[in-house]
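Along the sequence shown, residues carry numbers from 1. Each ligand, and each atom within it, is numbered from 1 in the order the structure gives. All figures in this text were calculated on a predicted structure; none of them were measured in a lab.
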Amino acid sequence: MIGTGRSDVHVTITGLGAHVPERVVTNDELAQMVDTSDEWIIERTGIRERRIAADSEALSDLSVPAAQQALEQAGVDAKDVDLLIVATVTPDMMFPSTAAILADRLGARDAAAYDLSAGCTGFMYALAQGYGMVAGGLSRKALVVGGDVLSRILDWSDRSTVVLFGDGAGAVVLEPTAEAGFLAFELGADGAGGEHLWLPGSGSRKFEDPDRFVKMNGREVFKFATRVLVQSAEAVLDRYQARVEDVDVYVPHQANVRIIDHATKKLGIPSERVVINVDRYGNTSSGSIPLALADALADGRLAPGSLVLMTGMGAGLTWGSALMRWTIGTTA
Ligand SMILES: CC(C)(COP(=O)(O)OP(=O)(O)OC[C@H]1O[C@@H](n2cnc3c(N)ncnc32)[C@H](O)[C@@H]1OP(=O)(O)O)[C@@H](O)C(=O)NCCC(=O)NCCS
């Protein structure tokens, strides 16, 4: 459980970008592949459609446009980025890292670049690392990317997983700021629950029956998700001594509308303050929170001064929250 930094240096998001593949896959299309229906998927998950990468698209291809938008908004030249973290479980390949590939494609010469694996919570972990590096003076301009092409590791004949996920990526630039920005973090992991959402056979552990696809115990993950979304949000608010009523914009991981509704009600956050886009993108794993931030910035809900609460959860099992005072966009 990692907590709030003690640094006097404030750190904020100065640029934000997001990108999804062009191809939309509707629930009706999935119903032609597996035994499911539009009604079942909407009722149990709230998902109506998702984006799926073309055969020629890898994670770095989705990340380049997202990163370029973020750099442009921040007014930062790629060559000045000194740290590049990509949070993902679907890198282009095991090595070189997607971060190194991305640094090369963006022209971020000499930036330290590495991938980070924390399941769907990856973006929250990477944000905390970027914050720590900038607050500690190791980095001046950090680019943090969260994204996944989960469609590559799904069993397209398994109706229990294939309906949930989609592909997408988001990026933020982190820089020191005079005030505001990140206020507190809370991260954690429970490896004992790892087998509820995993990809056995994808690394150095030998399995008798290796599997190339995601395996999930949906009910267990559902229970875990509803519990940690609430606990982690309460912990991060408590750390900054903020109240739920103070939160202007709540950005939960976009896994399932029922999970989000449960957390929202339990926390007591009014529904108009909750960002939801899982209906259009499904669960994009590490792309989920930056994609939702980009939506909220575009529709004017995120404005300078907004108190923003973000909470992710996913494979590991992992979870992570951040509380921040937003600093970019137009004041309403
Ligand atoms: C997967 C999930 C949507 C299933 O919803 P649920 O309401 O719990 O459904 P259940 O697992 O109880 O299954 C109910 C029935 O629907 C069936 N079912 C499962 N997937 C189905 C689908 N796509 N279409 C139709 N029926 C389906 C099940 O086989 C089961 O049938 P049975 O009663 O005959 O055994 C839900 O558990 C969930 O969202 N879990 C969290 C998953 C998640 O977020 N993972 C990523 C975390 S980062």
What do you think, any protein heavy atom under 4.0 angstrom from [atom]?
atom	answer
atom 15 (C) of ligand 1	no
atom 39 (O) of ligand 1	yes
atom 22 (C) of ligand 1	yes
atom 32 (P) of ligand 1	no
atom 43 (C) of ligand 1	yes

Before we go on, tell me: are the rings of W198 and F207 under 6.0 Å apart, centre to centre?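 Under 6.0 Å, so yes.
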
Decide if atom CZ of R48 counts as having more than 12 heavy atoms of other residues, nucleotides or ligands within a radius under 6.0 Å.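 Check fails, neighbour count at 12 or below.
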
D110 atom CG, over 12 foreign heavy atoms within 6.0 Å: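 Check fails, neighbour count at 12 or below.
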
Which residue and heavy atom of the protein sit nearest [atom], plus the separation:
atom	result
atom 24 (N) of ligand 1	T36 OG1, 2.7 Å
atom 47 (C) of ligand 1	V221 CG1, 3.6 Å
atom 41 (C) of ligand 1	G218 O, 3.6 Å
atom 30 (C) of ligand 1	R219 NH2, 4.5 Å
atom 7 (O) of ligand 1	R44 NH1, 2.7 Å
atom 5 (O) of ligand 1	R258 NH1, 3.8 Å
atom 45 (N) of ligand 1	M216 SD, 3.3 Å
atom 18 (N) of ligand 1	W40 CZ2, 3.4 Å

[X] and [Y] ion-paired at < 4.0 Å:
X	Y	result
D246	R243	yes
R159	D35	yes
D155	K215	no
E29	R23	yes

Does [Y] offer a backbone N or O that forms a donor-acceptor pair with the side chain of [X] under 3.5 Å?
X	Y	value
T12	T14	no
W156	D158	no
D115	T98	yes
R301	V274	yes
R273	E245	yes

For [X], the ligand 1 atoms whose distance to one of its heavy atoms is below 4.0 Å:
X	answer
M313	48 (S)
G314	48 (S)
A255	44 (O)
V163	23 (N)

Give yes or no for whether the N/O distance cutoff of 3.5 Å, strictly under, is met between [X] and ligand 1.
X	answer
L197	no
S37	no
H253	no
N283	no
T45	no
R159	yes

Sort out for me which residue in L187, V11, I289, L174 forms a side-chain contact (heavy atoms from CB on, under 4.5 Å) with L127.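 Single side-chain contact (heavy atoms from CB on, under 4.5 Å) partner of L127 among L187, V11, I289, L174: L174.
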
Counting only heavy atoms, tell me which of C120, S285, A225 gets closest to atom 48 (S) of ligand 1.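 Heavy atom nearest to atom 48 (S) of ligand 1 belongs to C120.
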
What closest approach, in Å, do S286 and A87 show between heavy atoms, and which atom pair accounts for it?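 So the two residues come closest at CB-O, 3.3 Å.
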
